[in-house]
Structure formats: C-alpha cells, structure tokens
Amino acid sequence: MTVRTRFAPSPTGYLHVGGARTALFSYLYARKHGGQFVLRIEDTDLERSTAESVNAILEGMTWLGLDYDEGPFYQTHRFDRYNAVIDELLEKGLAYRCDCPKDRLEKLRVDQMARKMKPRYDGRCRNRQIDPDTPHVIRFKNPVDGAVVVDDMIRGRVPFSNEELDDLIIRRSDGAPTYNLSVVVDDADMEITHVIRGDDHLTNTPRQINILKALGFEPPRYAHVPMILGDDGARLSKRHGAVSVIAYRDQGYLPEALLNYLIRLGWSHGDQEIFSVEQMIELFDISDVNKAASAFNTDKLDWLNQQYIQHAEPARIARLLSPHMGKLDIDPSTGPELADVVTAQAARAKTLTELAEISAFCYRDFDDYDEGSAKKHLRPVAREGLERLRAAFDLMAFEDWTPEQLKHVVERVSEELEVNMGKVAQPLRVAIVGRAASPGIDETLMLVGKEATLRRIDKALAYIEARASA
RNA sequence: GCUCUCUUCGUCUAGUGGUUAGGACGCUGGCCUCUCACGCCGGUAACAGGGGUUCGAAUCCCCUAGAGAGUACCA
C-alpha cells in the first residue's frame, strides 16, 4: 500500500502558519514513505469560499516549496459524485430527509442545554416520510448505540460513544453537500491512507468514521496535530501580527527558515535545531509529534532566519534581497555587486528587510547621521584624522582601492596620530555610513567606493565645522 | 453545560521508574574586536497542585485546577 496524504484547506482566507505546518507534516510523511501528496481545496461552502483565497493558498504552498503530486482538486467540481453517494445512502435507508424548521432546532438546543445535556438533533424525522419536493435537508443516520474508537497516530486511542453523536446534515437545503460528507467521499475516492490535519477535527472524526463504514469504505489512519498559539499563548489571530505565510515572505523571511521553525513546533530530533528539507524527510515521523499546542515565538524564528541568511549562498540571498532593495527605491545595479554586500552584511540581519535597510548606504548617500553616533564620533578631535584619510584616499588609484590597501591606510593614519585604530575608524565609519555600525572598515570602504567616500568625508568635515562654530 | 484533548525553564523542546532534569531561543556576565554583528565560554530559569502504586517517580494510576477544541444547513 503506497502512502497517500493530503492537505485540504478551505479557501476562506490566506494560508496561515498553522495550516502550513500541517501541510508540511503531510508533505514530509508522504515523501518519507515514497508516497504521494495531494492538494484538495474544500470549497463546498459557496458563501465563504473565494478565488483570492485559493490563489493565496497556492502561492503560499509554492513559496514554501511544498509541491504536490496531484491536485489541486476542487470539491465544487465533484458535487455530482457527492450527490450520488447521498442518494445511495438515502436508498439504503442510511440517511433520511428532514424538514425540521430552524426555530424548532434552536428551541431543542436551548432546552437541552438548560437540562445540562449535550445539544443534539433528536431524530424526529428519522421515520417520517418527507415529500422530496418540499424544502428539506438530508441527515445521516448515525448509529444510536455502541462506540467508535479513533486510533490516532498522535493521540492514541480516543473512544467516542455513539450516544454523543447525532444525525448530522450531509446535504443542505440548497442541495450542496456538507463538509463531513465530502471529506469522507474524497478521502476514500482519492485513496488517502493517512489523514493528517488540525486537532480541531478530532471530534469530527467519529462521525466521519461512521459515514465511511456506512459506505463500506475502510477508514484511513488519522493523525491530529495540535494547533499553534500566538506569542501570548492565546489562539493565533490577526492580533498577533503576521499569521499569513505570504506576510512572512514579504517581511523578509526565507522559506527554509519558516519551514525549519514550523517543524520544530511540536516535533524534535534530539538536540538538533537546523534541518534541511532532505533531513526533515529522512528524520520526520508523524508519531513523534507532540500532543500539546505550542506558542509561536518570533524571536526564535528570527534567529533561524538569520542562521539561514548567514549560511546560504550569497548569490541566492542577493536574488531574494533584490525586491527588498527595490522597496527602498534602490536599484542594486547602480552600485556594488549585491552578492558582495550580502557577504559583508549577512551576519548582521535577521530578515531580508533588515538586510536591505542596513545596506542602503552602499547605493546612495544617507540624509541624516544617526544622532548618537554623530554626537560621539564627529567631533573636532576627529577632524585631523578625517583630513589625513581623505588626502590618502584621494591619491589612491582605482586598482589600489582594495580591502588590504584601505585597511593599510587607516592603520597608517592612526599610527601617525598615535591613537588606537578605533579613534580613526569610527569617525570614518560614521562619515561614510551615517551610523556607528557596519562591516569592517576596509570592507565598508570597498563597497562604498572612492567617489562616495571622498564626498561623504567632505560632508562630515563640514558637519564638524558647523558644529564647532555653533 | 456536555463530549473530547492537553499540561517539563518566559518560549520551543529532550526525557518513556534510578539524570547534578539536557539542549535551543530570549535575557545576562565575559572573551574576540576598528564599530555593530557573528563566533566562543559562562550564568539565569521548569517537572500545574494533591493523593496513591513502588525501595525509588517528570515518567504508571486517580482526583483537582488551568488551558484548548467540538457541540452549525463552517471547514
């Protein structure tokens, strides 16, 4: 039996991190076992499903690199099949028509709650003959006694008494099938062997197993993964900032970093923190997933993202960084090779957005100095050093503008003035970067280039002058 | 309310009857150093509570508390 898993989101919003994680788990499980991963769009709710959501989900899957072998299948394209199954159930007496008005159902619910009972349909229409031409829904005839055990790969055996379950609606009055019916039919038709999904579906599972049995299908294995909470331990919502996978992309996270972060939420392999997708496939097992929900921690994601930015191929990071430079109105082709900038800056940024911001000085002059940095370093005492540096730089030929030579010049000037290198390098750094933090002074000068260096030193000297006479 | 689920440092986790309860992020002290980072070394901090079982419980059982899910003509 070849393993077949599926990811089955409903297109009522973007792909959020919780969905992405269950998709990842399903993907890995299929890949690990040499099986197939299917994508299915559960759009039976015509009211709430949108094409934009479908696109957002597809875009998120693509960005993460969670490629599927089959699909996307759309449930709205399979209504005939669902209806055939419902009709079959009807004919066999395993389902029935119900015309109970909503207000009766509502009253029933209120009464049951008042008597401290679990609200459930009372089966009034089970043996009534409803005219097929009058408005009605179809309900599944759930077994009235006995129990159904969900043998979950993560939770273990979870028993449910059939007395807790009621006759759920499988076809709406508008003729559209409902979720519990369509998932069951699809999972069976698509020969899904392992259903990996959020644990909010755990209590639906016994109903689905009953339908499956009524239809004569063999139930798949189930694995209900716990949900992801926000930083504060509350249910994840827009309130927590980014929850959409695409928002993480736009904020400068790498897909491999997000994937790596997500797999470590509820799963681990000893003390290992960094996993390539290949390693995930090799090491992951759904039965090793924790039962408890876990809180999303952006600090750790940031750390992972930085690790990946730092160790990835600079050329690749440069490609991904380019659009972030664009957002700052910078055209990377107008300055140093972006890959060289990445090499110099990678250890200094947690996200690509941040990397772009701290690298802008390589491509254009800054407007204002960082206040604290200027106050501390651009003082009259720095004038002498800057003047000497300027003179030395001015004499340098284009081909001498190398990190080695540049470092040499800075060292020489500090020796001449008999001060520590920092006394010379820091004012120079603030002069050409605008603030007191940057790569090594030689690399920084190299990236900025001779022309801009001289221009910015002049600006700094003017600034010192103005400050001295103020 | 009812059914089901969950509970180890602030967070993610290791741990499956005997450990000084380990690692990671964060925070923090130091080293490195032209700055900021990176890196390296160190510190901080946890078994929800109470009963059992056992020579011995984070690990097994029960209860309590807290958290979550479901209880839709949503998925």
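In what follows, every chain begins at residue 1, and chains take the letters A, B, ... in the order their sequences are listed.
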Quiz item: Between A/Leu428 and A/Arg390, is any pair of side-chain heavy atoms under 4.5 Å apart?
Solution: no
Quiz item: Base, sugar-phosphate, or nothing: which does A/Arg435 touch, judged by heavy atoms less than 4.0 Å apart?
Solution: nothing
Quiz item: Is any side-chain nitrogen or oxygen of A/Gln306 closer than 4.0 Å to OP1 or OP2 of B/rG26?
Solution: no
Quiz prompt | Nucleotide nearest A/Asn204 when distance is taken to its side chain, options B/rC34, B/rA75, B/rC25 | solution = B/rA75
Quiz item: Counting only side-chain N and O atoms of A/Lys291, is one of them less than 4.0 Å from OP1 or OP2 of B/rC6?
Solution: yes
Quiz item: Whom does B/rA37 pair with, Watson-Crick or G-U wobble, provided both distances fall under 3.5 Å?
Solution: none
Quiz item: Hey, does the Lys NZ or Arg CZ of A/Arg139 hover above the aromatic six-ring of A/Tyr121, less than 6.0 Å from the centre and inside 45° of the axis?
Solution: yes
Quiz item: Which nucleotide, B/rU5, B/rA69, B/rG1, lies nearest any side-chain atom of A/Lys118?
Solution: B/rG1
Quiz prompt | Listed nucleotide nearest any side-chain atom of A/Trp303, set B/rG26, B/rA75, B/rU13 | solution = B/rG26
Self-check item: Whether over 12 other heavy atoms sit under 6.0 Å from A/Asp288 CG
Solution: yes
Practice problem: Would you tell me if any nitrogen or oxygen in the side chain of A/Ser294 comes within less than 4.0 Å of OP1 or OP2 on B/rC12? | Solution: no
Quiz item: Can you name the nearest heavy-atom pair linking A/Ile86 to A/Pro177, along with the distance?
Solution: CD1-CB, 4.1 Å
Quiz item: Does A/Asn180 have a side-chain nitrogen or oxygen under 4.0 Å from the phosphate oxygens OP1 or OP2 of B/rC74?
Solution: no
Exercise. Answer with base, sugar-phosphate or nothing: what part of the nucleic acid does A/Pro439 contact at a heavy-atom distance below 4.0 Å?
Key: base
